[in-house]
Q: 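There's a structure below that I have some questions on.
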Amino acid sequence: MGGGYWYRNLRQPVRFGSAVQALVADGFRVFVEASAHPVLTVGVQEALETAGRVSSVVTGTLRRDDGGMRRFLSSAGELWTRGVEVDWSTVLPHAGGPLPDLPTYAFQHRRYWLETTPRTRHTTQEDLSMDDRTNGADGPDAAQQPQAETLTDLLAEAPEEARAELLLERVRAEAAAVLGHDDPAPIDDGDVFFEIGFTSLTAVELRNRLSAATGFELPIMLLFDHPTPAALAEHLGELYAADDCDNSEERAGV
């Protein structure tokens with residue numbers, strides 16, 4: 001870490017993007033930045049977009065002014081819900097015991113799904129290695145497992161006039177969760193994301209949550225291009241409409 005190091009650091013290219021692309025080429029799909037505050041996760045996301053449509057998970061561990069165990073476990077939980085194997089034995093020594101019932105949809109106190117058996121959780125190898133939006137490789141037991149309704153299922157079943165409201169409620173709920181609110185009430189339809197507390201980091205987090213909910217590969221600049229919940233929900237509606245049109249043409253043999 002002498003003068004020569006800093007000279008090379010200033011004068012030579014870092015080649016961060018090419019390093020990430022090389023990792024992708026080698027089959028890596030999970031990127032965790034272990035630091036006091038993530039500064040590389042956005043760069044990793046951009047490098048992954050440059051590498052093409054690649055299913056991946058990118059997260060940090062701690063954040064500025066949020067560096068306790070709760071934040072760390074939330075980051076581990078994000079990995080777990082995205083299919084990454086996490087060793088919980090240190091913090092949950094009694095893992096494997098009875099599972100409590102999760103609370104129902106709390107934001108509007110209305111349920112939007114049927115009572116079904118949760119879909120079998122995929123591992124990283126089963127899920128993240130797929131670079132398509134297909135769900136056909138669910139393993140040998142997939143045909144026997146009833147699948148929980150996805151946002152796409154709910155939109156398909158909802159009347160056309162209700163779809164816009166359903167999408168807007170989902171965008172507001174996800175935005176509220178990213179900002180740490182228990183209820184989406186503080187998030188108005190016309191609020192500008194970057195005026196109510198969003199940063200480039202949390203913008204990517206919301207984009208990731210919406211990508212997971214919709215199945216669409218959404219761009220990293222999503223919130224810059226659609227800066228309010230209403231504009232973002234309208235954009236998602238257009239994506240669904242285009243997707244429905246493509247599927248209809250395929251069924252018609254066009």
Side-chain angles (χ1 to χ4, degrees), residues 1 5 9 14-51 53-97 99-100 102 121-131 173-182 187 193-194 196-214 217-224:
M1 300 290 286
Y5 167 83
N9 183 272
V14 178
R15 302 187 66 190
F16 178 79
S18 58
V20 174
Q21 292 176 29
L23 290 170
V24 171
D26 288 340
F28 290 94
R29 294 293 184 270
V30 180
F31 298 85
V32 181
E33 179 181 353
S35 64
H37 183 77
V39 295
L40 301 178
T41 53
V42 175
V44 172
Q45 297 272 11
E46 292 176 341
L48 291 171
E49 285 193 359
T50 302
R53 198 175 72 175
V54 178
S55 297
S56 58
V57 175
V58 182
T59 185
T61 49
L62 305 176
R63 293 184 183 176
R64 185 182 298 112
D65 301 323
D66 189 11
M69 182 60 71
R70 182 183 178 86
R71 175 71 258 171
F72 182 81
L73 293 178
S74 295
S75 299
E78 181 180 351
L79 292 171
W80 175 260
T81 58
R82 297 291 299 277
V84 181
E85 293 299 325
V86 176
D87 182 4
W88 296 105
S89 60
T90 302
V91 292
L92 298 173
H94 303 296
L99 300 177
L102 292 175
R121 180 181 173 277
H122 288 178
T123 63
T124 306
Q125 290 72 24
E126 293 169 332
D127 193 26
L128 297 179
S129 62
M130 295 191 301
D131 293 339
E174 296 290 357
V178 170
L179 293 179
H181 300 309
D182 296 327
I187 311 296
F193 288 115
F194 293 101
I196 59 173
F198 274 85
T199 64
S200 58
L201 175 64
T202 50
V204 172
E205 183 178 347
L206 178 57
R207 170 258 198 181
N208 291 343
R209 294 174 73 104
L210 291 173
S211 289
T214 62
E217 293 291 336
L218 301 172
I220 196 169
M221 301 296 288
L222 181 68
L223 267 65
F224 291 91

Q: Work out which heavy atom in I196 is nearest to a heavy atom in L179; give both atom names and the distance.
A: O-CD1, 3.7 Å

Q: Working to the nearest 0.5 Å, report the span between OG1 of T199 and CD of E205.
A: 9.0 Å

Q: Measure across G77 and W88 and return the closest heavy-atom pair with its distance rounded to 0.1 Å.
A: N-CH2, 3.7 Å

Q: Check whether the ring centres of F224 and F193 lie less than 6.0 Å apart, and answer yes or no.
A: no

Q: Can you measure from CD (Q45) to CZ (F31) and round to the nearest 0.5 angstrom?
A: 10.0 Å

Q: Check whether any side-chain heavy atom of R71 lies under 4.5 Å from a side-chain heavy atom of S75, and answer yes or no.
A: yes

Q: So how far is it from L201 CG to T41 OG1, rounded to the nearest 0.5 Å?
A: 5.0 Å

Q: Does CG belonging to D65 count more than 12 external heavy atoms closer than 6.0 Å?
A: no

Q: Does the side chain to side chain contact (heavy atoms under 4.5 Å, CB included) test come out yes or no for F194 and T202, once each step is laid out?
A: CA-CA 10 Å; F194 293 101; T202 50; over 6 Å; no

Q: Could you grab the distance from atom CD of Q21 to atom CZ of R15, nearest 0.5 Å is fine?
A: 10.5 Å

Q: How far does CG of L223 sit from OG of S200, to the nearest 0.5 angstrom?
A: 11.0 Å

Q: Kindly give the heavy-atom pair with the smallest separation between L48 and V58, and that separation in Å.
A: CD1-CG2, 3.6 Å

Q: Given side chains that start at C-beta, do those of F16 and V44 come closer than 4.5 Å, heavy atoms only?
A: yes

Q: Indicate yes or no: at least one non-hydrogen side-chain atom of E33 is less than 4.5 angstrom from one of T59.
A: no

Q: Closest heavy-atom contact between I187 and A175?
A: CG2-CB, 4.4 Å

Q: Answer yes or no: is there a donor N or O on one side and an acceptor on the other, between the side chain of H37 and the main chain of R64, under 3.5 Å?
A: yes

Q: Does the side chain to side chain contact (heavy atoms under 4.5 Å, CB included) test come out yes or no for V24 and R29, once each step is laid out?
A: CA-CA 6 Å; V24 171; R29 294 293 184 270; 3.6 Å; yes

Q: How long is the gap from CG on N208 to OG on S56, to the nearest 0.5 Å?
A: 8.0 Å

Q: Checking salt bridge (Lys or Arg N to Asp or Glu O under 4.0 Å) against R207, which of E49, E174, E217 comes through?
A: E49

Q: Measure across A34 and T61 and return the closest heavy-atom pair with its distance rounded to 0.1 Å.
A: CA-OG1, 3.5 Å

